[in-house]
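Sequence lines set the chain letters: A, B, ... in the order given, protein chains first and strands last, and positions in each chain run from 1. The basis for the numbers below is simple: all heavy atoms, side chains too, and nothing from hydrogens, waters or symmetry mates.
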Protein chains: 2
Amino acid sequence: MKDIRLKLVNLFKQGFCVPQIARIAKKIKEPSTTLHYNIKRMEKEGVIKAYKAVFDYKKIGQGHCTYLLINLSGEDYGNPEKIAKELAKDESVESVDICTGDYELLVKLRTKDIDEYYEWVKNNVQKFKFAKSTSITSLKQVKTEFVEM
Amino acid sequence: MKDIRLKLVNLFKQGFCVPQIARIAKKIKEPSTTLHYNIKRMEKEGVIKAYKAVFDYKKIGQGHCTYLLINLSGEDYGNPEKIAKELAKDESVESVDICTGDYELLVKLRTKDIDEYYEWVKNNVQKFKFAKSTSITSLKQVKTEFVEM
DNA sequence: GTATATTTTCGAAGATTATTCGATTATTTA
DNA sequence: TAAATAATCGAATAATCTTCGAAAATATAC
């Protein structure tokens, strides 16, 4: 992929988009200034966190999607938030949840292929000393981020 | 939540946003017409599927987040796509994956609370005749849709 | 129940941005 | 090497967002 498109993809992953007020105004038949007011309100109140793009991840070299269930070890077991926040900074990581059940963390990972996935797991098991981890690989993504594929 | 904001939230969940070309142009120091050309290209090629908003889901009455691992029964077992696509239409469903391992489907569900979650599971186990299902509830969402919370 | 304060609506005008167009340059294909 | 295609980009237009102020609706206090 071209350098410029790669930059765009990375910017659009977390933001650099805006609401399309005029189109909504036509659709729901409300004045655009009223919509503008309400949208700004929701942004200020933190209801809306970001405007972003959803991709065909295969086409941006992130076609391999895996859900990782993780057990933490030692002192991290009782304090999963620290590791969760560090994992969240990783740009291959789509989501991190602290959760109930047999595992403390659920990480959704997007990599190019199984090789890149293997490298990621190898590096992070070592780095964060995961006690145990199970992975569920997506064979087909039917819906992602509320968008049907 | 007010009627108008509810409408906005529902529209922003799947689209009704656009890229912010001028801001990107300044940031990466490229002419906005070049960016425009490349973005339109990516849209046509299906690289970009949608522009949408990410919410603080607690604040839009969808604070309860659960991952559901599902076993299908009978004829559906060999053909999970049909059910996956039907589940994808459900507006409480953020994602649906057909996956490897002990379960055929992985569904990410966002509901108001545990009561609404219970109703959803009850209705859908019956409707789709799930053979078995396990759920992992998110206690804290540290990152969602590539956006840190 | 009424007065006051606050929030929300919304049209008009200005500021900003997206989009089209055409020419140039770069890249690919034959 | 030539021709075809794809990509860049400045200028101008079209469309959009944003601000402003006034009015209406709603909430709060007395």
Side-chain angles (χ1 to χ4, degrees), chain A residues 1-63 91 112-113 144-148, chain B residues 1-63 91 112 145-148:
Chain A
M1 184 174 278
K2 286 199 304 184
D3 179 58
I4 198 169
R5 292 194 189 177
L6 206 67
K7 279 183 186 168
L8 287 170
V9 164
N10 285 325
L11 293 173
F12 286 150
K13 251 188 203 169
Q14 285 144 291
F16 286 89
C17 297
V18 279
Q20 211 175 6
I21 299 178
R23 188 153 79 97
I24 298 171
K26 273 173 203 148
K27 188 177 173 67
I28 68 175
K29 293 182 178 68
E30 295 278 356
S32 63
T33 47
T34 301
L35 296 180
H36 182 266
Y37 173 81
N38 279 283
I39 289 167
K40 291 298 151 193
R41 225 69 240 295
M42 288 197 281
E43 290 172 12
K44 276 201 195 80
E45 290 165 10
V47 175
I48 295 170
K49 303 290 278 186
Y51 302 101
K52 57 156 285 176
V54 177
F55 302 98
D56 182 329
Y57 290 96
K58 283 192 293 282
K59 291 181 179 163
I60 60 167
Q62 301 214 85
E91 60 177 19
K112 185 175 183 292
D113 50 33
T144 320
E145 297 161 84
F146 288 106
V147 177
E148 292 178 53
Chain B
M1 183 171 279
K2 286 199 308 185
D3 179 56
I4 198 169
R5 294 194 187 176
L6 207 67
K7 280 182 186 169
L8 287 171
V9 165
N10 285 326
L11 293 174
F12 287 151
K13 249 189 206 169
Q14 287 144 290
F16 287 90
C17 297
V18 280
Q20 213 174 3
I21 298 177
R23 188 152 81 97
I24 298 170
K26 273 173 203 149
K27 188 177 173 66
I28 67 174
K29 295 183 177 66
E30 295 277 358
S32 65
T33 47
T34 301
L35 296 179
H36 183 266
Y37 174 81
N38 280 283
I39 290 168
K40 289 299 151 194
R41 225 68 240 292
M42 287 196 281
E43 289 173 12
K44 276 201 195 79
E45 290 165 8
V47 175
I48 295 169
K49 303 289 280 185
Y51 302 101
K52 58 156 286 176
V54 176
F55 302 97
D56 183 329
Y57 290 95
K58 282 193 292 284
K59 291 181 179 164
I60 61 166
Q62 302 214 85
E91 60 178 21
K112 185 174 182 292
E145 296 161 83
F146 287 104
V147 177
E148 292 177 54

**Q** Atom CZ of B:F16 to atom P of D:dC17: distance rounded to whole Å?
**A**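 Between P of D:dC17 and CZ of B:F16: 13 Å.
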**Q** Closer than 4.0 Å, any side-chain N/O of B:R41 to the OP1 or OP2 of D:dA6?
**A**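 Answer is no, no contact under 4.0 Å.
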**Q** Assuming nearest nucleotide by heavy-atom distance, tell me which of B:P31 and A:S32 is located more 5' along DNA chain D.
**A**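 The residue mapped nearer the 5' terminus is B:P31.
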**Q** Starting at the 5' end of DNA chain C, which residue's closest nucleotide do you reach first, B:R5 or A:V18?
**A**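 That would be B:R5.
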**Q** Nearest-Å distance, NZ (A:K2) to P (D:dA6)?
**A**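 Interatomic distance, NZ of A:K2 to P of D:dA6: 12 Å.
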**Q** Which heavy-atom pair separates B:I21 from B:S32 by the least distance, and what is that distance?
**A**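 That would be CG2-O, 3.6 Å.
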**Q** For A:G46 and B:D56, which heavy atoms make the closest approach, and how far apart are they?
**A**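 In terms of heavy atoms, the two residues are closest at O-CB, 3.3 Å.
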**Q** Side chain of A:K26 only, please: which of C:dT8, D:dT16, D:dA6 is the nearest?
**A**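 Minimum distance to the A:K26 side chain belongs to D:dT16.
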**Q** Quickly work out the B:I21 CD1 to D:dT8 P distance and round it to whole Å.
**A**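 About 14 Å, once rounded to whole Å.
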**Q** Rounding to an integer number of Å, can you tell me how far B:I39 CD1 sits from D:dA7 P?
**A**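 Atom-to-atom, B:I39 to D:dA7, this comes out as 14 Å.
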**Q** Within this structure, what is the CE-to-C1' distance between B:M42 and D:dA6, rounded to whole angstrom?
**A**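 Taking atom C1' of D:dA6 as the reference, CE of B:M42 is at 15 Å.
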**Q** Checking contacts here: which listed nucleotide (D:dA6, C:dT19, C:dT9) is nearest the side-chain heavy atoms of A:N38?
**A**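 So the nucleotide nearest the side chain must be C:dT9.
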**Q** In whole Å, what is the span from the OH atom of A:Y37 to the P atom of D:dG21?
**A**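 Distance, rounded to whole Å: 16 Å.
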**Q** Nearest heavy-atom pair of A:F55 and A:V9: which atoms, and what distance?
**A**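 Where A:F55 meets A:V9 most closely, the heavy atoms are CZ-O, 3.5 Å.
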**Q** Looking only at the side chain of A:A22 (C-beta and beyond, no hydrogens), which of the listed nucleotides D:dT16, C:dT9, D:dC9 gets closest?
**A**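 Selected nucleotide: D:dT16.
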**Q** Within this structure, what is the CD-to-P distance between B:Q20 and D:dC17, rounded to whole angstrom?
**A**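 So the two atoms are 11 Å apart, to the nearest Å.
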**Q** Please tell me whether B:Y51 and B:E43 have a donor and an acceptor in their side chains that are separated by less than 3.5 angstrom.
**A**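 Indeed, the side chains of B:Y51 and B:E43 share at least one donor-acceptor pair under 3.5 Å.
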**Q** May I ask you to say what B:R23 touches in the nucleic acid, namely base, sugar-phosphate or nothing, with a heavy-atom cut-off under 4.0 Å?
**A**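 Contact class for B:R23: none.
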**Q** Is the phosphate of D:dT18 approached by A:H36 (side-chain N or O, under 4.0 Å from OP1 or OP2)?
**A**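 The answer is yes; a side-chain N or O of A:H36 sits under 4.0 Å from OP1 or OP2.
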**Q** In plain terms, say whether B:K52 and B:E145 are close enough for a salt bridge, that is, a side-chain N and a carboxylate O under 4.0 Å apart.
**A**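 Result for this pair is yes, salt bridge flagged.
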**Q** If you pin A:I4 and A:T33 to their nearest nucleotides in DNA chain D, which one's is more 5'?
**A**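 Closest to the 5' end, via its nearest nucleotide, is A:I4.
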**Q** B:K29 has an atom NZ; how far is it from atom C1' of D:dC9, in whole Å?
**A**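 Spelled out: NZ on B:K29 to C1' on D:dC9 is 18 Å.
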